[in-house]
Amino acid sequence: MASTKKSPEGHCKPTDWRSAGLLWFSRNFFWRKKFGHRIWRVSVDAGLGCPNRDGTLGTGGCVFCNPESFSLGRRSASKSISQQIEEGIRRLKARYGVDRFVAYFQPGSNTYATVEHLRSIYQQAIAHPKVVGLIVGTRPDCVSEECLDLLAELAGRTWVSVEYGLQSIHDRSLKWMHRGHDYETFVETVRRSRGRGFEIGAHVILGLPDESTEDILSTARELARLEINSVKLHNLHAVVNTPLADMVASGEVRLPQFDQYVGYVVDFLEELPVSCVIDRLVGNAPSEYLIGPSWCADKSAVLAAIEAEFRRRGTCQGHAT
Ligand code: SF4
């Protein structure tokens with residue numbers, strides 16, 4: 001894959017995190033180097049739908065998805081983007097003492113609208129003086145050329161990352177999840193997104209049924225080959241009112257155990273290049289929605305175990321590359 005024409009990385013050298021004694025290239029480290037501040041994500045819900053739910057591709061959604069379980073999204077879509085940003089910033093400032101933010105369009109497929117509408121919502125978000133960037137989460141089959149042009153234009157004015165939901169490179173897993181797209185669609189969208197000045201991110205789920213360690217490593221190696229800029233890892237977890245919850249209840253699917261997941265994450269990160277930013281290493285849901293595994297509610301314990309496993313192996317992100 002050709003390298004980017006415009007780099008979204010700014011002043012942060014991909015290897016700085018190693019000199020700082022870290023074991024992986026965390027998003028927080030990237031932001032501190034790039035902006036000179038702690039940065040916090042302020043989540044916004046644009047109220048956009050999903051072709052996997054509105055009948056375009058399907059009506060049931062992905063097997064693991066309950067849109068209500070997305071944090072914040074379940075209660076804020078009726079407010080304007082400016083209002084959500086204002087309220088979110090006020091809350092995060094009071095709680096964490098941070099003063100700069102990245103607007104995160106998280107719930108739903110955040111490029112699934114007309115370009116005029118997208119321009120309006122993205123602009124509302126980046127217009128806030130405390131907002132220094134934009135993250136757009138979406139499906140790889142939901143981005144028109146006009147939308148990519150818009151994101152490129154915005155990337156000329158602020159830092160932008162587009163996170164594509166991939167989950168796995170294996171089409172049998174994508175089919176099992178009812179994703180409604182295949183791996184080739186992701187590859188093609190990455191190709192179309194390349195060189196436009198924004199970061200290209202991928203969401204991946206580890207612990208999918210019927211995926212071996214070798215399957216997981218293949219996904220990591222593919223993301224490395226495609227020179228994906230950032231990765232967000234989630235453990236397979238079940239929330240209420242989803243097909244996955246039924247499969248777990250019937251015993252058809254077993255969710256990954258703590259130690260198993262920690263091993264998967266370390267295996268995965270060893271295969272990623274040192275330049276790949278890690279957005280997240282564990283997924284969770286609000287307690288009223290989470291069915292299991294219960295261990296993912298303790299994010300600090302999972303991160304500590306991942307660090308301990310790296311130290312035990314004497315490795316870090318990129319070790320196998
Ligand atoms: S594509 Fe995203 S929003 Fe749509 S059903 Fe799947 S997880 Fe939910």
Side-chain angles (χ1 to χ4, degrees), residues 41 43-78 81 84 104-113 117-118 121 135-144 147 151 161-190 193 200-209 211 219 230-248 253 255 279-280 282-286 289-292 296:
R41 291 176 187 81
S43 290
V44 280
D45 182 357
L48 301 183
C50 168
N52 209 13
R53 288 197 170 277
D54 68 7
T56 305
L57 292 170
T59 53
C62 303
V63 291
F64 54 81
C65 176
N66 174 347
E68 291 176 9
S69 71
F70 291 121
S71 56
L72 283 181
R74 60 191 179 281
R75 48 180 191 268
S76 53
S78 56
I81 300 300
Q84 290 181 51
Y104 185 18
F105 285 81
Q106 184 177 20
S109 299
N110 289 290
T111 52
Y112 194 45
H117 184 68
L118 295 175
I121 59 175
I135 302 176
V136 175
T138 192
R139 293 171 55 90
D141 57 357
C142 256
V143 274
S144 64
C147 175
L151 291 163
S161 174
V162 181
E163 296 181 352
Y164 293 120
L166 168 63
Q167 321 311 350
S168 169
I169 65 159
H170 303 289
D171 283 343
R172 68 175 192 285
S173 293
L174 297 177
K175 204 167 172 187
W176 174 79
M177 284 181 268
H178 292 177
R179 286 287 299 170
H181 65 78
D182 59 10
Y183 175 53
E184 191 49 40
T185 302
F186 173 81
V187 174
E188 180 58 15
T189 299
V190 168
S193 304
I200 302 170
H203 290 193
V204 172
I205 296 178
L206 302 184
L208 292 166
E211 284 210 0
T219 295
S230 63
V231 169
K232 181 180 272 188
L233 294 182
H234 285 179
N235 45 290
L236 183 67
H237 60 281
V239 296
V240 295
N241 300 328
T242 59
L244 179 59
D246 297 338
M247 292 183 227
V248 171
V253 167
L255 297 169
D279 272 299
R280 183 181 288 178
V282 60
N284 190 15
Y289 289 91
L290 183 67
I291 287 178
C296 67

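Counting starts at 1 for both ligands and their atoms, in listed order.
Using a 4.0 Å cut-off to heavy atoms of G61, the atoms of ligand 1 that qualify are 5 (S). Taking every heavy atom of R139 and a limit of under 4.0 angstrom, the matching atoms of ligand 1 come to 1 (S). The ligand atoms of ligand 1 that sit less than 4.0 angstrom from a heavy atom of F64 are 7 (S).
Heavy atoms of R179 approach ligand 1 to within less than 4.0 angstrom.
Closest approach of L236 and G207 over heavy atoms only: CD2-O, 3.6 Å.
Inclusion of C62 in the first shell of atom 4 (Fe) of ligand 1 is not supported: no N, O or S atom falls under 2.8 Å.
With sequence neighbours excluded, the residues forming a side-chain hydrogen bond (donor to acceptor under 3.5 Å, both in side chains) with H203 are E163, listed by chain and number. Contacts of Y164 classified as ring-ring contact (aromatic ring centres under 6.0 Å, His included), with partners at least two apart in sequence or in another chain: none.
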Practice task
Given salt bridge (charged side-chain N to carboxylate O under 4.0 Å, His left out), test R179 with D141 step by step and report yes or no.
Solution key: CA-CA 10 Å; R179 286 287 299 170; D141 57 357; over 6 Å; no
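Atom CG of D182 is separated from atom CG of L174 by 7.5 Å, given to the nearest 0.5 angstrom.
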